[in-house]
Amino acid sequence: MNKKLLSVPMMAALMASCAGGDDDSASKRPNVIVILCDDLGYGDVSAYGSTTISTPNVDSLAHGGVCFNNAYSSSATSTPSRYALMTGMYPWKNERAKILNGDAPLIIDPEGYTLPKMMKNAGYVTGAIGKWHLGMGEGNVDWNSTISPGAKEVGFDYSCVIAATVDRVPTVYIENGEVVGREADDPIFVDYVNKFDDEPNALDNPELVRMQWSNGHNQAVINGIPRIGYMKGGKKARWIDEDMADYFVDKVKTFLNDNKDKPFFLYYGLHQPHVPRTPHQRFVGATTMGPRGDAIAELDWCVGELMAELRRLDLLENTIIVFSSDNGPVLDDGYADQAVELIGNHQMCGGLRGGKYSLYDGGTHIPLFVYWKNHIKPTTSNALVCQMDLVNTLAALVDQPVRPELDSKAMLDVFFGKSQKGRDELVLEAAGRLCYRKGDWALIPPYDGPKFMETEYGNLDDFGLFNLSVDRGQQNNVAEQNPEKLEEMKSDMHKAVQNYYNAVK
Ligand code: NG6
Ligand code: CA
């Protein structure tokens with residue numbers, strides 16, 4: 001690849017010429033890596049100016065690439081957010097796109113269009129490593145034989161994943177549809193309703209619990225950590241929580257080495273800093289914030305390892321890296337791990353209101369960086385973008401048809417920092433509710449329900465209208481002072497959600 005800065009049209013022309021080209025030119029197409037963290041907040045990286053945390057490796061992506069100030073996940077929780085990233089469709093159009101348990105069936109249509117399938121079609125080898133959380137199988141999964149449909153049917157040639165979240169059973173790695181290390185004489189069973197009599201659980205065996213639960217998380221006790229759901233068997237196959245970062249970093253390195261001569265697309269779903277926060281011993285005490293801060297230090301190390309391996313393989317200048325988080329941050333998410341007590345002056349949302357699960361901006365306004373050494377000029381961008389836009393944007397990059405029927409917008413110039421003209425509008429989802437962004441304005445329709453659950457939830461008694469250009473922290477509801485703007489936003493949101501959702505009164 002030419003090491004000079006390429007303009008986007010030049011790049012597109014180059015891609016076009018490569019698409020049907022010989023092996024040599026195909027091998028020079030840029031690799032694409034999407035790093036998606038779990039519950040990492042806008043203020044949890046030092047790149048956006050936080051001085052209470054240090055994330056040098058993540059910051060090198062931000063400072064060496066396009067650093068987005070106005071980027072969103074589609075949802076304030078993981079499954080819907082990841083669904084939108086993979087399919088390019090708003091998650092609220094699929095009623096199954098809700099936080100899934102470990103035994104939930106795959107929610108992506110195996111026949112449907114996806115980001116990895118599009119990349120495969122363009123000649124890329126595709127891999128998914130880390131957190132999956134999109135379901136697998138068709139219900140009643142037999143963990144003791146090949147699990148299908150799953151990552152393969154979604155379009156990944158290679159996968160090594162955890163089924164859902166670290167706090168949910170089964171606590172095993174699944175590589176290409178097979179539980180790693182499963183043994184015929186110790187079969188695995190999973191149940192989210194009934195406990196197994198001969199297995200410890202947090203309510204009957206509190207003496208086995210080394211990380212206390214604060215909410216939920218009182219079922220199977222595995223590695224001393226109480227989880228959601230019950231599990232039996234697979235004793236040798238169970239992951240060791242503290243080793244998970246190393247385990248996936250190794251898998252990432254192997255994938256890079258195996259595919260260094262081909263164009264590849266890698267989805268790397270980091271499990272940090274989601275609960276339970278169990279960084280490896282060498283990161284314990286890395287911050288003054290306890291397990292949550294230390295898990296972020298570990299996350300930063302993972303990013304550094306990935307970059308060092310790309311550098312070692314001489315792939316860094318031929319690899320686009322997108323870094324982001326699936327939803328906003330949370331302190332107490334069901335374990336008493338001192339996240340609240342040790343937070344100090346750290347602002348995990350970087351001054352945004354709310355957090356994970358919230359209709360306020362902290363739910364979905366996430367860190368996003370696009371890095372391509374020597375091809376993308378370091379810059380910051382205020383353009384409104386969403387992770388869901390990657391499908392059509394990357395399609396434009398690799399000369400695949402852009403699909404206007406998707407909710408994804410192709411914005412290569414914006415993602416490469418050459419244009420600040422992002423989306424006009426965006427519908428956001430948070431724990432089954434919707435809110436709306438257009439221009440500088442945010443609209444939060446009223447919803448019943450608690451005002452606070454883990455974070456400030458954003459259930460308002462009446463419409464909330466916020467002018468983010470002067471009130472980034474959404475402290476002033478200006479609906480009453482701006483009746484015309486309010487009506488315009490309600491009507492625009494109504495059009496955007498069409499008949500899918502009865503969210504706008
Ligand atoms: C919630 C869990 C929370 C977390 C979340 C999923 C309880 C009380 N809370 O139900 O701990 O697992 O689901 O998070 O069980 S996400 O980032 O994967 O969406
Ligand atoms: Ca998450």
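Counting starts at 1 for both ligands and their atoms, following the listed order.
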Sub-4.0 Å atoms of ligand 1 with respect to non-hydrogen atoms of [X]:
X	value
H217	7 (C), 9 (N), 11 (O), 15 (O)
N327	17 (O)
H133	18 (O)
D38	17 (O)
V275	11 (O)
D333	3 (C), 4 (C), 11 (O)
I228	15 (O)
T165	18 (O)

Q: Would you sort out whether F323 and F369 count as a ring pair (Phe, Tyr, Trp, His ring centres under 6.0 Å), showing the intermediate values?
A: CA-CA 5 Å; F323 176 93; F369 315 123; 5.7 Å; yes
Q.
Any heavy atom of Y357 closer to ligand 1 than 4.0 angstrom?
A. yes
Q.
Can you tell me if G334 contacts ligand 1 (heavy atom of the residue under 4.0 Å from the ligand)?
A. no
Considering non-hydrogen atoms of the protein only, which is the closest contact for [atom], and what is the distance?
atom	value
atom 19 (O) of ligand 1	S78 N, 2.9 Å
atom 10 (O) of ligand 1	R168 NH2, 3.3 Å
atom 14 (O) of ligand 1	K356 NZ, 2.8 Å

Q: Please work out which of the three classes, parallel, tilted or perpendicular, describes the rings of F415 and F68, given edges at 30° and 60°.
A: tilted
Q) Using 30° and 60° as the class limits, which term best fits the ring planes of H365 and Y72: parallel, tilted or perpendicular? A) tilted
Q. For the Ca ion (ligand 2), which N, O or S atom of D38 is at the shortest distance?
A. OD1
Q: Could you pull out, from I99, N215, D167, N101, the option with a heavy atom nearest to atom 8 (C) of ligand 1?
A: N215
What I want to check is whether the side chains of [X] and [Y] have a donor and an acceptor closer together than 3.5 Å.
X	Y	result
N327	D39	yes
K152	S159	no
S74	E429	no
Y192	Q219	no

Q.
Below a 4.0 angstrom heavy-atom separation, can you tell me which part of K131, side chain or backbone, both or neither, approaches ligand 1?
A. side chain
Does any N or O of ligand 1 fall below 3.5 Å from an N or O anywhere on [X], backbone included?
X	value
H274	yes
D39	yes
E454	no

Q: Determine the sole option in V161, L115, L85, I35 for which the side chain to side chain contact (heavy atoms under 4.5 Å, CB included) test with Y267 is passed.
A: L85
**Q.** the Ca ion (ligand 2): angle it makes with OD1 (D39) and OD2 (D326), nearest 10 degrees
**A.** 150°
Q | Residue S78, metal the Ca ion (ligand 2), N/O/S under 3.0 Å | A | no
Does a side-chain N-to-carboxylate-O contact under 4.0 Å join [X] and [Y]?
X	Y	result
K251	E175	yes
E199	R227	no
E425	R437	no
D294	R277	no

Q.
Does atom NZ (K236) have a neighbourhood of more than 12 heavy atoms from anything else shown, all under 6.0 Å?
A. no
